[in-house]
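Okay, structure first, notes after.
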Amino acid sequence: MHDIKAIRDNPDLYEQAWSAKGRSGVTAEALALDATLRAAQTALQKAQSRRNDLSKQIGQAKGRKDEAEAARLMAEVETLKGVLETQGAIERETGEALRDLLAGLPNLPAADVPAGADENDNQEVRRWGEPFAIASPKDHVDLGETLGLMDFEAAARMSGSRFVVLKGQLARLERALGQFMLDLQTREHGYLEVSPPLLVRDEAVFGTGQLPKFAEDLFHTEDGRWLIPTAEVSLTNLVRDQITPTEELPLRLTALTHCFRSEAGASGRDTRGMIRQHQFQKVELVSITTPDQSDEEHERMVGCAEAVLKALELPFRTMLLCSGDMGFSARKTYDLEVWIPSEGRYREISSCSNCGDFQGRRMNARTKAAGEKATRIVHTLNGSGLAVGRTLVAILENYQDENGAIAIPQALHPYMGGLNRIGGDA
RNA sequence: GGAGAGGUGGCUGAGUGGUCGAAAGCACCGCACUCGAAAUGCGGCGUGCCUUAACGGGCACCGUGGGUUCGAAUCCCACCCUCUCCGCCA
């Protein structure tokens, strides 16, 4: 959500960004609504002020038993009724229209975000590790099914497409990955572990920006709640409607949760395997900061996500997304892409975004320093640290040997009860 | 699921139609007193919005949204949330 005052101060900047996303003219539309709204507010408040004044006098007149004066005053109030009603209606309707309009407009890219249309315009920032030399690599589906530990058919029978059943050491590997990531982020990077609700209200999903525009991407329950598509929703909403003392910022939160996505717009994409599922686990990182801390925190957060891939010794590259490839709420986003041998390319495994005050304003999350009078909207950041399912895919494919066995990365040995290999002779 | 109670400022808590944005206490801040502190005294102490060059002025907010009324924290309706008892349950 955008600050209408900022739009008023700098209309060209907004118009430029929104027309690039096919919404030319919305800036003028918003400003027109704003002008109407404020005119109505001023007229309404003037009338209300007069009414309050007269009402007070009516009370005093009645106190003196001066019924004639009271009647005269009441008649005068009567003449204000028309203004009160029409201006009140205009204020309500215009305010709502303006809110609805602003709520559907995406965040503006930060100044250092490259302009571009789609993923082809993203910029590689750095690269870590070399893709392993694997002769005719199998994909994770082949590997998992051959091991007898990954079953898409059983999942389809009970749940439909885009689900999977993991068994035995693969189920354990998934669990190990989640634990390992959570431990890394809490112990080494200072994030506070949180176990949040997975079902949330409309307001929560509105706050992070999935509503109102992206309802079809989410699962909705019959009692009117939403399954979270990411723990970003639950973690960020922890500060909704709160004034967090500035001294407590940055607030660093993490959670290992399941995530649920309808993948409505992804028909036909990644239908094979575990890359794109309706349900998957993810360790999420969220930071709540002051406005001046968020850029620095963003770089730090990317480092926290990268640390997981480094610890697992998986080759990856870090991409700075261009303006056209960023999500609705983000002002700047880095994606981490891990090497997937069977596809011979890098694929997204983490996305770290600085949302600026965009989400904070939507959820009325503010901060105030001790002794200060004014509150400020907080900045919010979120990133995956990492997506567990895709990490499992990357491990299977990158650590396979010619016999279809999987080596377990060193860092996970403690979490696998000392097991260092799945399949083969092990 | 059944029955009941309740949501007022950072906290406790008064207020059941009219100078109530809201008593009082606590907490906090400033000043005075003091060598300093405590105690005491005086003053201050919510949020958002509109308007103003500024000083200032105004509107709204007593869980949320509607309604009644000249006027609503107070009356009516709906919803949300919390608590207690019973039932059920991992």
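First the proteins, then the strands, lettered A, B, ... as listed; each starts at 1.
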Note to self: Using the ring centroid of each side chain, check whether H379(A) and F358(A) are separated by less than 6.0 Å.
What the structure shows: no
Next item on the list: Using the C1' atom as the reference point in each nucleotide, state the distance between G58(B) and G63(B) in Å, no decimals.
Entry: 27 Å
Check: Would you say a side-chain N or O of K56(A) is under 4.0 Å from OP1 or OP2 of C20(B)?
Finding: no
Margin query: Using a strict threshold of under 4.0 Å (side-chain N to carboxylate O), is an ion pair present between E263(A) and R269(A)?
Written below: no
Next item on the list: Please figure out whether R201(A) or G59(A) has its closest RNA chain B nucleotide nearer the 5' end.
Entry: G59(A)
Check: According to the Watson-Crick and G-U wobble definitions, with both distances under 3.5 Å, which nucleotide is paired to G46(B)?
Finding: C61(B)
Margin query: With a 4.0 Å cut-off on N to O distance, would you call D223(A) and R225(A) a salt bridge?
Written below: yes
Next item on the list: Once you apply the 3.5 Å cut-off to both distances, tell me the Watson-Crick or G-U wobble partner of U16(B), or none.
Entry: none
Check: Within the structure shown, what part of the strands sits under 4.0 Å from R8(A) by heavy-atom distance: base, sugar-phosphate, or nothing?
Finding: sugar-phosphate
Notebook entry, point to check: Considering only the C1' atoms, how many Å lie between U47(B) and G25(B), rounded to the nearest integer?
Noted result: 23 Å
Checklist line | Distance, rounded to the nearest Å, where K46(A) contributes NZ and C49(B) contributes C1' | finding: 18 Å
Next item on the list: For A60(B), take OP1 and OP2 only and decide whether either is under 4.0 Å from a side-chain N or O of R92(A).
Entry: no
Notebook entry, point to check: On a whole-Å scale, what distance lies between the P atoms belonging to C81(B) and C75(B)?
Noted result: 23 Å
Margin query: Tell me whether the side-chain N/O atoms of R38(A) come closer than 4.0 Å to OP1 or OP2 in U51(B).
Written below: yes
Check: Choosing from G58(B), C70(B), G48(B), which nucleotide comes nearest the side chain of S55(A)?
Finding: C70(B)
Check: Between G10(B) and G6(B), how far is it from one P atom to the other, in whole Å?
Finding: 24 Å
Margin query: Regarding I58(A), tell me which of base, sugar-phosphate or nothing describes its non-hydrogen contacts under 4.0 Å with the strands shown.
Written below: base
Notebook entry, point to check: Side chains of T380(A) and Q359(A): do they bring a donor and an acceptor to under 3.5 Å?
Noted result: yes
Note to self: With rounding to the closest Å, how many angstrom separate the P atoms on G44(B) and A22(B)?
What the structure shows: 12 Å
Check: If you look at every strand shown and take non-hydrogen atoms under 4.0 Å, does E76(A) touch a base, only sugar-phosphate, or nothing?
Finding: nothing
Notebook entry, point to check: Which one, C70(B), C49(B), A60(B), comes nearest to the side chain of Q48(A)?
Noted result: A60(B)
Check: Are any of the side-chain heavy atoms of L235(A) and N382(A) separated by less than 4.5 Å?
Finding: no
Margin query: Only pairs with both distances under 3.5 Å count, Watson-Crick or wobble alike; so what is the partner of U74(B) in this structure?
Written below: none
Notebook entry, point to check: Using atom P of each nucleotide, how far apart are A90(B) and A5(B) to the nearest Å?
Noted result: 31 Å
Checklist line | Base partner of C31(B), which must satisfy Watson-Crick or wobble distances under 3.5 Å | finding: G41(B)
Item checked: Spacing between R50(A) atom CZ and C50(B) atom P, to the nearest angstrom -> 25 Å
Notebook entry, point to check: Once you round it to whole Å, what is the distance between P of G71(B) and CG of L84(A)?
Noted result: 8 Å
Notebook entry, point to check: Taking only N and O in the side chain of T375(A), is any of them less than 4.0 Å away from OP1 or OP2 of G48(B)?
Noted result: yes
Check: Base, sugar-phosphate, or nothing for R366(A), non-hydrogen atoms under 4.0 angstrom?
Finding: sugar-phosphate
Note to self: I want to verify a distance call: between C70(B), C50(B), G46(B), whose nearest atom is closest to the T42(A) side chain?
What the structure shows: C50(B)
Notebook entry, point to check: Within the pair N52(A) and C59(B), is there a side-chain N or O less than 4.0 Å away from OP1 or OP2?
Noted result: yes
Margin query: Under a 3.5 Å cutoff, is there a donor and acceptor pairing between the side chains of T244(A) and Q242(A)?
Written below: no
Item checked: P spacing across the pair C80(B) / C50(B), given as an integer number of angstrom -> 32 Å
Margin query: I'd like the P distance from G4(B) over to C77(B), given in whole Å.
Written below: 15 Å
Item checked: Nearest-angstrom distance from the residue atom CD1 of I377(A) to P of U47(B) -> 14 Å
Checklist line | Between P of C70(B) and CE of M74(A), the distance in whole Å | finding: 6 Å
Check: L33(A) CG to C49(B) C1': how many Å, rounded?
Finding: 17 Å
Check: Partner of U69(B) by Watson-Crick or G-U wobble geometry, both contacts under 3.5 Å, or none?
Finding: none
Notebook entry, point to check: Is there a Watson-Crick or G-U wobble partner for A5(B) with both distances under 3.5 Å, and which nucleotide is it?
Noted result: U82(B)
Margin query: When both hydrogen-bonding distances must be under 3.5 Å and the geometry is Watson-Crick or G-U wobble, what is A23(B) paired with, if anything?
Written below: none
Margin query: Between D34(A) and R38(A) (salt bridge meaning N to carboxylate O under 4.0 Å), is one present in this structure?
Written below: yes
Checklist line | Rounded distance in Å - CD (E67(A)) to P (G18(B)) | finding: 15 Å
Next item on the list: Report yes or no: is the cationic atom of R362(A) (NZ for Lys, CZ for Arg) under 6.0 Å from the centre of the six-membered ring of F206(A), at an angle within 45° of the ring normal?
Entry: yes
Check: What is the distance, rounded to the nearest whole Å, between atom CD of Q242(A) and atom C1' of U47(B)?
Finding: 14 Å
